[in-house]
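The basis for the numbers below is simple: all heavy atoms, side chains too, and nothing from hydrogens, waters or symmetry mates.
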Amino acid sequence: DSGTLTVTFAPTVAAGARTDTLRVVSDDPVTPTLDGPLEANSVDVLPCMLQALPTALNFGAATLHKSTTQTVAMQNIGTELCMVTTIDLASGAPDFSIVTPALANLCSGPNPQIPPQFCGIFGDAFGTMVGPGDHVDFVVTFRPETAGPHTGDVQFTYKQQGPSNPDQTIDVPLSGSGVAPCITVSPQDVDFGSVATGASSEKQVTVSNCGAGDIDVQRRRADSRRAQ
């Protein structure tokens, strides 16, 4: 049996690294005390500050030449409007790619922040806006071309709206593994013996996936051969 403990990190002092130990005491005669290290980092929240959720994307095993997608959210934990100006795939192409969302959150939704006529004229120049407490989702695609592990990194550049505000960056590590499909048929030779004309005979054939990747069976066909 098992139970779940909730551990909360709520820093109240200056920014910096924090460490501690979670100690669990029980009546286990072998290990009565079990320690688990805790690590965290507190940061000063700037007026415009984004955080990535999740902080990294792991696609796991993916079949060669097939696309899988995951979403990373840029959440504004500050108090001012943030503008995502560029998104660069620093490494990992062509196996990884990212889809940049349109600037729709400004002109639609329950609380549009810019009148539609201005968004239509200046939207591309502004970038993707993220209001305080809001988030914008970005879709990352993994389509491995070769077997084995793959890594990448996507960098988001953003700033508080205004010409003199400095750029800030967030890096999101990417990882995944390409796996090749494999198919076997058993038995490979199927002997129906002698079957009278007009009658039928059935045999079972097993198709198995012997690899780590998914297989799509697109067509099943029996080539007929008539003895002369």
In terms of hydrophobic clusters joined by side-chain contacts under 4.5 Å, are L46 and V136 together? yes
Shortest non-hydrogen separation from A147 to L64 and the atoms involved: N-CD2, 3.6 Å
Result for side chain to side chain contact (heavy atoms under 4.5 Å, CB included) between D171 and one of T55, D153, V154 points to D153
To the closest 0.5 Å, what do you measure between CG (N58) and CD (Q70)? 7.5 Å
Before giving the answer on side chain to side chain contact (heavy atoms under 4.5 Å, CB included), spell out for T128 and I87 the whole-Å C-alpha distance, their side-chain angles and the decisive distance to 0.1 Å. CA-CA 10 Å; T128 299; I87 307 171; over 6 Å; no
Taking every heavy atom of G60 against every heavy atom of F142, the minimum-distance pair comes out as O-CE2, 4.3 Å
Is N76 reaching over with its side chain to a backbone N or O of V130, donor-acceptor style, under 3.5 angstrom? yes
Spell out, as yes or no, whether a donor-acceptor pair under 3.5 Å connects the side chain of R143 to the backbone of H65. yes
Residue pair Y158, M74: steps toward the side chain to side chain contact (heavy atoms under 4.5 Å, CB included) verdict: CA-CA 10 Å; Y158 68 97; M74 287 293 128; over 6 Å; no
Residue pair Q160 / P47: nearest heavy atoms and the distance that separates them: OE1-CB, 3.7 Å
Do other residues, nucleotides or ligands put more than 12 heavy atoms under 6.0 Å from the CD atom of E39? no
Check the pair V140, V172 against side chain to side chain contact (heavy atoms under 4.5 Å, CB included), reporting the backbone distance first and the verdict last. CA-CA 11 Å; V140 181; V172 179; over 6 Å; no
T33 vs D35, test: side chain to side chain contact (heavy atoms under 4.5 Å, CB included). Steps then yes/no. CA-CA 7 Å; T33 301; D35 290 341; 3.8 Å; yes
Could you grab the distance from atom CG of L174 to atom CD1 of I98, nearest 0.5 Å is fine? 8.0 Å
Nearest heavy-atom approach of T68 to F59 is OG1-CD2, 3.5 Å
Determine whether V84 and L50 make a side-chain contact, defined as any pair of heavy atoms from C-beta on separated by less than 4.5 Å. yes
For a quick test of reading the model, state the closest non-hydrogen atom pair linking S201 to V195 and the distance between them. CB-CG2, 3.8 Å
Looking only at non-hydrogen atoms, find the nearest pair between G78 and P132 and report the distance. O-CB, 3.6 Å
Just how far is it from atom CG of L89 to atom CZ of F96, taken to the nearest 0.5 Å? 8.5 Å
Sub-3.5 Å donor-acceptor pair from the side chain of T21 to the main-chain atoms of R23, do we have one? no
Sort out for me which residue in D167, T86, D88 forms a side-chain hydrogen bond (donor to acceptor under 3.5 Å, both in side chains) with T157. T86
